[in-house]
Every structure is written in structure tokens, then in C-alpha cells.
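Notes to accompany the following structure.
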Amino acid sequence: MACFTAYVIDKRAARLKRRRIPERTLLLLGLVGGWPGGLLAQSIVRHKTVKASFQRQFWTSVVLNAALLFWLAA
């Protein structure tokens with residue numbers, strides 16, 4: 001939920017040309033397990049969907065989360 005909220009706040013700040021949430025923060029929120037919220041926010045508010053460098057880092061964090069979950073479950 002925190003990651004989803006951060007994406008929504010950042011999207012609003014971008015539209016209003018206000019101070020933004022650093023991409024690093026969004027990525028860290030996703031890395032610590034918030035990636036489903038980030039993915040949902042990308043879909044709903046169409047935020048951070050075009051920037052290729054961000055998408056590469058985002059999906060890397062998703063893969064790392066899945067690998068850790070797999071390792072813990074084994």
C-alpha cells in the first residue's frame with residue numbers, strides 16, 4: 001500500500017510541477033516487497049511506464065523478490 005501511495009503522490013507532484021519522490025525511493029519501496037503496489041499504480045495512474053531505465057530497475061527488483069521468495073520457500 002505504501003508503494004502504491006508513493007507512486008500516486010509522485011504522479012500528482014509531476015502533474016503539478018512540484019517536488020517529486022526520488023526514483024530511488026520508489027524502487028526501494030518495490031524492492032522491500034511493495035512491487036505489487038508499484039505495478040498496480042503503474043497500471044492505474046500510468047506512472048513510470050515509459051521510462052525504460054526505471055522499468056529495467058523495477059523489473060529487476062521484481063525478479064529479486066521472486067527469487068528470494070522461492071529460496072525462502074525451498
Side-chain angles (χ1 to χ4, degrees):
M1 191 66 173
C3 191
F4 177 87
T5 302
Y7 272 74
V8 172
I9 290 169
D10 190 50
K11 177 69 173 193
R12 180 169 167 78
R15 285 185 177 162
L16 297 174
K17 299 199 184 307
R18 294 201 174 143
R19 188 165 184 240
R20 306 276 305 275
I21 296 173
E23 284 186 356
R24 182 177 183 188
T25 302
L26 296 174
L27 290 166
L28 285 173
L29 286 169
L31 186 61
V32 297
W35 66 266
L39 187 60
L40 185 62
Q42 287 179 35
S43 176
I44 292 174
V45 297
R46 304 296 301 161
H47 191 47
K48 298 292 186 187
T49 58
V50 175
K51 191 170 183 183
S53 62
F54 183 86
Q55 284 296 306
R56 277 192 302 276
Q57 292 175 36
F58 175 79
W59 285 105
T60 298
S61 74
V62 172
V63 169
L64 289 172
N65 267 270
L68 178 62
L69 183 61
F70 179 76
W71 181 75
L72 289 172

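On a predicted model such as this, the values are computed, not experimentally measured, just so you know.
The shortest non-hydrogen separation linking Leu29 to Cys3 is CB-SG, 3.9 Å. Residues Asn65 and Leu31 share a closest heavy-atom pair of ND2-O, 2.9 Å. Contact between Tyr7 and Gly38 at its shortest, heavy atoms only, is CE1-CA, 3.6 Å. Minimum heavy-atom separation, Arg19 to Ala13: O-CB, 3.4 Å. The two residues Lys48 and Leu26 come nearest to each other via the heavy atoms CE-CD1, 4.0 Å.
The structure places CZ of Arg24 at 10.5 Å from CD of Gln57, a figure rounded to the nearest 0.5 Å. Once rounded to the nearest 0.5 Å, the distance linking CE of Met1 with CG of Leu40 reads 9.0 Å. Interatomic distance, Ile9 CD1 to His47 NE2, rounded to the nearest 0.5 Å: 10.5 Å.
No continuous path of ILVMFWY side-chain contacts below 4.5 Å connects Leu39 to Val8, so the two sit in separate hydrophobic clusters. In this structure, Leu64 is not a member of the same hydrophobic cluster as Trp59, with clusters built from ILVMFWY side-chain heavy atoms closer than 4.5 Å.
Within a 6.0 Å radius of CZ in Arg20, other residues, nucleotides and ligands contribute more than 12 heavy atoms.
Under the 4.5 Å side-chain criterion, counting only non-hydrogen atoms from C-beta, Phe58 is not in contact with Thr49. Contact annotation: the side chain of Gln55 never approaches that of Lys51 to less than 4.5 Å [non-hydrogen atoms, C-beta and beyond].
Between the side chain of Thr60 and the backbone N or O of Arg56, at least one donor-acceptor pair lies under 3.5 Å.
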Problem - From CA spacing to verdict: side chain to side chain contact (heavy atoms under 4.5 Å, CB included), Val45, Phe4 - result: CA-CA 10 Å; Val45 297; Phe4 177 87; 5.6 Å; no

